[in-house]
There are 2 protein chains.
Amino acid sequence: MKVSREQVALNRERIIETAARLFREKGYDGIGVADLMKSAGLTHGAFYGHFASKEDLLAEVTAHAFNASVERWRGKAAQAPETAMASIGENYLSERHRDEPGQGCSITSLGPDIARLGPKVRQALTEGAKGHLAVMEELVPGADQAAKRKQALATYAAMVGAMVLARALDDEALSLEFMAAVRDSLPAD
Amino acid sequence: MKVSREQVALNRERIIETAARLFREKGYDGIGVADLMKSAGLTHGAFYGHFASKEDLLAEVTAHAFNASVERWRGKAAQAPETAMASIGENYLSERHRDEPGQGCSITSLGPDIARLGPKVRQALTEGAKGHLAVMEELVPGADQAAKRKQALATYAAMVGAMVLARALDDEALSLEFMAAVRDSLPAD
DNA sequence: ATTATCTATAGATCTATAGATAATGC
DNA sequence: ATTATCTATAGATCTATAGATAATGC
């Protein structure tokens, strides 16, 4: 049963969106192509008409997820530059983000997996991180551009690390403490 | 062929040390029990005499790796408290650490994997992180104990995040920039 | 006699591919 | 006629276990 050109595009989108959630929730090795396609409502075999390999899918998924996130950050920076940094930080360093990795930052859920994969996936992550950084550089204080950039890099790293720790720890109080400590240390312009 | 009581203990140590390297290098799902035992010079079947499950092994491995690291940090803090923070930071945020995950911090190589596993593994990571934090609290500046703790939490998070990013990025300059930015932002007592 | 390690295997995965099917779109 | 998806399968994994073997240590 063939489907329309339009339906093909929809199916492809559906695979990417399903994979975006499942990879982040279960890790790259935690979900197989067959189960993933089943979740997307298609069969295992249909996958290879859309993507050359599972790793190729992750590259597309990573670019897709970062694009959406960078877009949101940009929107906040454009609409309310004064409070954007605080808003981004509160959103990132929240219990909601911690408890829903399937909707969250790919670096915190897939960073070490991606570090072990090929250039295509790593390039997608790199472009995404650069997008995040570009927004942050506009929002942080600093005497000159170099100082702002350094501040943005250090702040981004602290946010990523706090979320990795908050998720892995088996101590709710300490988990919350990490998120709060980094939230409170965010630079205000 | 049975071996001596002493050899059994040595074999167990060898499994743990081999696993400590391989899990961090390849991820929890990236190395199987059979290959792991082969690397340790034993057969697949012998594994289950030493550990109840693969996850159980990771719990022991995590505790083992953190103990060694916390011990080193403690040694530096005791021997040269003035320069210990800088020394820990330079060591952690180095190309050597980035390029040899098999010898490095378990949070940066296995954090997201561990976040998806059971309480035993997560407790081992939690105890280890608390050990690291206890050392850092002594080394960072701060008006009172609460301020020091907050500083230690934020600094630890930044170190973890910078290493996760430095490893995942496909851009050597940006990778180095993240490590340098966090190194330069370390609080000096 | 006990037991640490061995070989062999069960049963369940995994990615990727080959060939059949059937609806679209020229 | 083309092609997106389907079923079925190859071939290679995976964790865990069962039962055999043989050296230790009472």
Side-chain angles (χ1 to χ4, degrees), chain A residues 1-20 22-62 110 113-114 116-121, chain B residues 1-62 110 113-114 116-118 120-121:
Chain A
M1 62 205 250
K2 197 186 157 189
V3 301
S4 72
R5 214 164 269 267
E6 192 183 17
Q7 187 59 244
V8 172
L10 286 174
N11 287 349
R12 187 189 162 89
E13 263 310 296
R14 196 159 156 63
I15 297 169
I16 289 176
E17 267 156 34
T18 304
L22 292 175
F23 280 147
R24 285 181 283 185
E25 278 177 6
K26 298 167 181 288
Y28 180 65
D29 291 327
I31 180 76
V33 172
D35 284 348
L36 197 149
M37 289 297 280
K38 200 174 189 179
S39 282
L42 294 164
T43 61
H44 182 184
F47 177 83
Y48 293 92
H50 289 282
F51 305 96
S53 67
K54 188 187 182 188
E55 189 168 332
D56 247 59
L57 169 65
L58 180 59
E60 299 235 25
V61 157
T62 301
L110 297 166
D113 281 351
I114 290 176
R116 297 179 193 106
L117 294 172
K120 213 165 157 184
V121 188
Chain B
M1 65 206 249
K2 195 184 158 190
V3 301
S4 71
R5 209 163 274 266
E6 192 182 16
Q7 187 59 245
V8 171
L10 286 173
N11 287 351
R12 187 189 163 87
E13 263 309 296
R14 197 159 155 63
I15 297 169
I16 289 176
E17 268 156 32
T18 304
R21 178 171 56 81
L22 292 175
F23 281 146
R24 284 179 285 186
E25 279 177 4
K26 298 166 182 287
Y28 179 66
D29 291 327
I31 179 76
V33 172
D35 284 349
L36 197 149
M37 289 297 278
K38 200 175 189 177
S39 282
L42 295 164
T43 60
H44 182 184
F47 177 82
Y48 294 90
H50 290 282
F51 305 96
S53 67
K54 189 188 181 187
E55 189 168 332
D56 246 60
L57 169 64
L58 180 59
E60 300 235 24
V61 157
T62 302
L110 297 167
D113 281 351
I114 290 176
R116 297 179 193 105
L117 294 172
K120 212 166 158 183
V121 188

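None of these values were measured; they are calculated from a predicted model.
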Check: Rounded to the nearest 0.5 Å, how far does CG of B:Leu10 lie from CD of B:Glu6?
Finding: 6.0 Å

Next item on the list: Note every stem involving DNA chain C: at least three consecutive Watson-Crick or G-U wobble pairs, i with j then i+1 with j-1, with both distances under 3.5 Å.
Entry: C:1-24 with D:1-24

Item checked: Length of the CZ-C1' vector between A:Arg5 and D:dT5, whole Å -> 15 Å

Next item on the list: Using whole Å, report how far CD of A:Gln7 lies from C1' of C:dG25.
Entry: 16 Å

Item checked: Pairwise distance CD(B:Glu13) to CD(B:Glu60) - rounded to 0.5 angstrom -> 9.5 Å

Margin query: If I take atom CD in residue A:Glu6 and atom P in nucleotide D:dA4, what distance separates them, rounded to the nearest angstrom?
Written below: 14 Å

Item checked: Rounded interatomic separation in angstrom, taking OH from A:Tyr28 and P from C:dT15 -> 8 Å

Item checked: Side-chain (A:Arg12) to main-chain (A:Val8) donor-acceptor, under 3.5 angstrom -> no

Next item on the list: Scan B:Asn11 against the nucleic acid and name what it touches under 4.0 Å (heavy atoms): base, sugar-phosphate only, or nothing.
Entry: sugar-phosphate

Next item on the list: Mind calculating the distance between CE (B:Met37) and C1' (C:dT5) to the nearest angstrom?
Entry: 9 Å

Margin query: Quick check: do B:Ile114 and B:Phe23 have side-chain heavy atoms less than 4.5 Å from each other?
Written below: no

Next item on the list: Please examine the side chains of B:Leu58 and B:Asp113, heavy atoms only from C-beta on, and report whether any two atoms are closer than 4.5 Å.
Entry: no

Report all side-chain donor-acceptor pairs from residues 28-47 of chain B shorter than 3.5 Å, counting only partners two or more places apart or in another chain.
{"residue": "B:Tyr28", "atom": "OH", "partner": "B:Glu55", "partner atom": "N", "Å": "3.1"}
{"residue": "B:Ser39", "atom": "OG", "partner": "B:Asp35", "partner atom": "O", "Å": "3.4"}

Next item on the list: Measure the CD-CG distance between A:Glu25 and A:Leu110 for me, rounded to the nearest 0.5 Å.
Entry: 11.0 Å

Next item on the list: Using the side-chain contact (heavy atoms from CB on, under 4.5 Å) rule, pick out the option among A:Asn11, A:Asp56, A:Leu57 that qualifies with A:His50.
Entry: A:Asn11

Item checked: Spacing of B:Gln7 atom CD and B:Arg14 atom CZ [to the nearest 0.5 Å] -> 10.0 Å

Next item on the list: Take the protein atom NZ of A:Lys2 and the nucleotide atom P of C:dA23, then report the distance between them rounded to whole Å.
Entry: 12 Å

Next item on the list: Mind listing the residues from residues 42-58 of chain B sitting with a heavy atom below 4.0 Å of DNA chain C? Number order is fine.
Entry: B:Leu42, B:Thr43, B:Gly45, B:Ala46, B:His50

Check: Expressed in angstrom and rounded to an integer, what is the separation of B:Lys38 atom NZ from D:dT13 atom P?
Finding: 10 Å

